[in-house]
Enquirer: 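Structure incoming, see below.
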There are 2 protein chains.
Amino acid sequence: MVRDSAATRNRILDAAIGEFSAYGLAGARIDRIAEAAEANKRSIYVYYESKEGLFTAALHRVIGDLVEAVPLTEDDLPGYAGRMFDYLLVHPEALRMSMWRHLERPAKGPDAAEVYAHKIEAMAGGGGGLTASGLPPADLLVLVQGLASSWLISPEDLLCADGSDPYSPERLAAHRASLVEAARRLCAPAQTPGGPNPP
Amino acid sequence: MVRDSAATRNRILDAAIGEFSAYGLAGARIDRIAEAAEANKRSIYVYYESKEGLFTAALHRVIGDLVEAVPLTEDDLPGYAGRMFDYLLVHPEALRMSMWRHLERPAKGPDAAEVYAHKIEAMAGGGGGLTASGLPPADLLVLVQGLASSWLISPEDLLCADGSDPYSPERLAAHRASLVEAARRLCAPAQTPGGPNPP
DNA sequence: ACCTGGTAAGTAACCGGTTATTGACAAACA
DNA sequence: TGTTTGTCAATAACCGGTTACTTACCAGGT
């Protein structure tokens with residue numbers, strides 16, 4: 001047997017991400033994590049203190065990877081939405097962990113408030129608190145993220161309603177185009193001067 | 001003590017909605033439901049068979065109430081988005097139960113595929129599979145629902161990034177306006193003839 | 001009006017299995 | 001030798017589900 005604490009730590013974290021992403025904090029089983037990690041149950045407590053601690057660590061890893069892989073390009077929100085969609089498609093655990101977090105432990109995990117604040121400031125830049133689109137930057141950001149994830153959080157019956165297979169490559173590509181176009185429309189300059197939120 | 005099986009059934013279902021919405025299927029505790037319902041644990045199994053059966057029943061009630069209270073007006077999607085936002089704000093359990101469903105039991109709960117199919121057909125009506133906006137109707141529907149719920153599923157750090165209290169009445173009203181305007185832009189006829197999805 | 005027996009509704013105690021967590025100890029490294 | 005890393009088995013609490021039982025209600029005979 002080779003002893004390598006860092007490797008064991010990583011195997012545990014990987015297994016935890018798989019387990020928590022599938023079952024959530026309440027549904028996850030420490031035994032299954034230990035087995036999947038090919039590690040002893042005890043080492044989980046040595047390295048991560050508790051089930052909650054392991055969940056928090058998993059949250060940090062998954063969401064950290066996401067924000068690193070999909071940088072928030074505030075000057076190109078449609079592109080950001082498209083790349084976010086692509087990433088979530090390849091990494092379903094990122095979206096699932098975010099949802100578990102929202103439902104089970106909203107206060108845990110990374111806090112990116114300052115990062116967001118900077119981006120929002122950059123978007124507003126001289127526009128009197130509004131973007132060129134006439135929408136408040138924070139709202140725009142939230143809405144664009146809603147667009148990016150909407151397909152992946154919609155119930156099956158809605159996705160299947162038009163008769164196509166919602167996860168076929170063609171369907172996904174078509175929806176990606178729709179979503180990027182939608183984001184483009186949100187970001188386009190307002191047509192009526194004064195915009196939808198007149199002062 | 002007054003004996004009324006229908007009333008007991010309802011108390012149990014109400015308590016179950018509160019419990020499942022707060023903790024999910026795996027996190028919910030039958031004992032707590034029984035206590036909150038002022039009913040005996042046994043009656044839960046008499047009326048609903050199992051924890052899963054009770055969860056499914058809760059799903060049907062909550063989502064049934066939602067689709068009844070917020071009719072899908074396919075000829076007025078911005079209005080639909082606004083009303084959906086209002087409802088979800090007053091009934092957080094509706095959104096939470098939908099999320100638990102997606103994560104824990106995607107196959108359970110009501111199936112509205114036919115209803116959606118009809119709406120989508122109506123939206124497409126003669127447009128060669130596209131709406132006047134140039135977007136496929138199914139995509140448009142999914143995206144609009146994404147807009148309606150985006151604020152309520154966003155992480156706290158993003159909502160707070162612009163310094164305001166994300167759940168103050170003023171902030172909510174402002175975001176509602178943003179979201180309805182966003183839906184309006186998605187539904188507006190495409191500016192470039194041929195649209196974003198040329199044949 | 002008054003029993004009375006059957007049934008629906010409700011209750012408390014309990015059970016077997018599971019679960020997170022820990023203590024005691026052995027093996028490997030430095 | 002002392003420290004780190006890993007193993008095994010125990011423990012204490014918990015939880016979904018069930019058993020055995022009591023209480024209220026009511027139809028119909030007398």
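Chain letters run A, B, ... following the sequence lines, proteins first and then strands; every chain starts at 1. What you see is a predicted model; the values in this text were computed from it and never measured.
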Enquirer: Rounded off to whole Å, could you give me the OH-to-C1' distance for the B:Tyr23 and D:dC15 pair?
Expert: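 For the pair B:Tyr23 OH and D:dC15 C1', the rounded distance is 15 Å.
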Enquirer: Quick one: B:Arg3 CZ to D:dC25 C1', roughly how many Å, whole number?
Expert: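 From B:Arg3 CZ to D:dC25 C1': 8 Å.
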Enquirer: Treating Ile, Leu, Val, Met, Phe, Trp and Tyr as nodes and any side-chain heavy-atom pair under 4.5 angstrom as an edge, say whether A:Met99 and A:Tyr23 lie in one connected cluster.
Expert: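 In one cluster with A:Met99: A:Tyr23, no.
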Enquirer: Taking only residues at least two apart or on different chains, which pairs with a member in residues 136-152 of chain A satisfy side chain to side chain donor-acceptor pair (under 3.5 Å)?
Expert: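 Pairs touching residues 136-152 of chain A that pass the test: A:Tyr80-A:Gln145, A:Asp139-B:Arg171, A:Asp139-B:His175, A:Asp139-B:Ser178.
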Enquirer: Answer yes or no: is there an ion pair linking B:Arg184 with B:Glu181, defined by an N-O contact shorter than 4.0 Å?
Expert: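 A salt bridge links B:Arg184 with B:Glu181.
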Enquirer: Below 4.0 angstrom from OP1 or OP2 of D:dT5, is there any side-chain N or O of A:Ser5?
Expert: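 For D:dT5, OP1/OP2 do have a side-chain N/O of A:Ser5 under 4.0 Å.
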Enquirer: If we only count heavy atoms from C-beta on, is the B:Leu186 to B:Leu77 side-chain gap below 4.5 Å?
Expert: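 No, every pair of side-chain atoms sits at 4.5 Å or beyond.
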Enquirer: Please report the distance, rounded to the nearest Å, between CZ in A:Phe55 and C1' in C:dA20.
Expert: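 Distance, rounded to whole Å: 16 Å.
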Enquirer: Dump every N/O contact between nucleotides 3-6 of chain C and the protein below 3.5 Å, one line per pair.
Expert:
none

Enquirer: Under a 4.0 Å heavy-atom cut-off, which of residues 24-44 of chain A touch DNA chain C?
Expert: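 Correct list: A:Ala28, A:Arg29, A:Ile30, A:Lys41, A:Arg42.
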Enquirer: Who passes side-chain hydrogen bond (donor to acceptor under 3.5 Å, both in side chains) against B:Asp4, sequence neighbours left out?
Expert: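 Once residues adjacent in sequence are excluded, B:Asp4 has no partner under the side-chain hydrogen bond (donor to acceptor under 3.5 Å, both in side chains) criterion.
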Enquirer: If only side-chain N and O atoms of A:Tyr47 are considered, is one of them under 4.0 Å from the OP1 or OP2 phosphate oxygen of D:dG6?
Expert: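 Yes, such a contact exists.
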Enquirer: Give every residue pair that meets the side chain to side chain donor-acceptor pair (under 3.5 Å) criterion with at least one member in residues 37-48 of chain B, sequence neighbours excluded.
Expert: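 Qualifying pairs: B:Asp31-B:Lys41.
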Enquirer: Indicate if A:Leu72 and A:Val115 have the same hydrophobic cluster label, given that clusters are the connected sets of ILVMFWY residues with side-chain heavy-atom separations under 4.5 angstrom.
Expert: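 No, A:Leu72 and A:Val115 fall in different hydrophobic clusters.
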Enquirer: Taking OP1 and OP2 of D:dG17, is either one under 4.0 Å from a side-chain nitrogen or oxygen of B:Ser50?
Expert: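 It does not, given that no N or O in the side chain of B:Ser50 lies less than 4.0 Å from OP1 or OP2 of D:dG17.
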Enquirer: In this structure, how many angstroms lie between the P atom of D:dG6 and the CZ atom of A:Arg11, rounded?
Expert: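 Rounded to whole Å, this separation is 8 Å.
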Enquirer: What heavy-atom pair brings B:Leu159 and B:Ser154 nearest, and what distance separates the two atoms?
Expert: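 Closest pair (atom of B:Leu159, atom of B:Ser154, distance): CD2-CB, 3.7 Å.
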Enquirer: Tell me which nucleotide among D:dG6, C:dA8, C:dT21 gets nearest to the side chain of A:Tyr45.
Expert: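 That would be C:dT21.
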Enquirer: Run the side-chain hydrogen bond (donor to acceptor under 3.5 Å, both in side chains) test against B:Lys51 and tell me which residues pass, sequence neighbours left out.
Expert: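 Testing B:Lys51 for side-chain hydrogen bond (donor to acceptor under 3.5 Å, both in side chains), a comparison that skips the adjacent residues, returns none.
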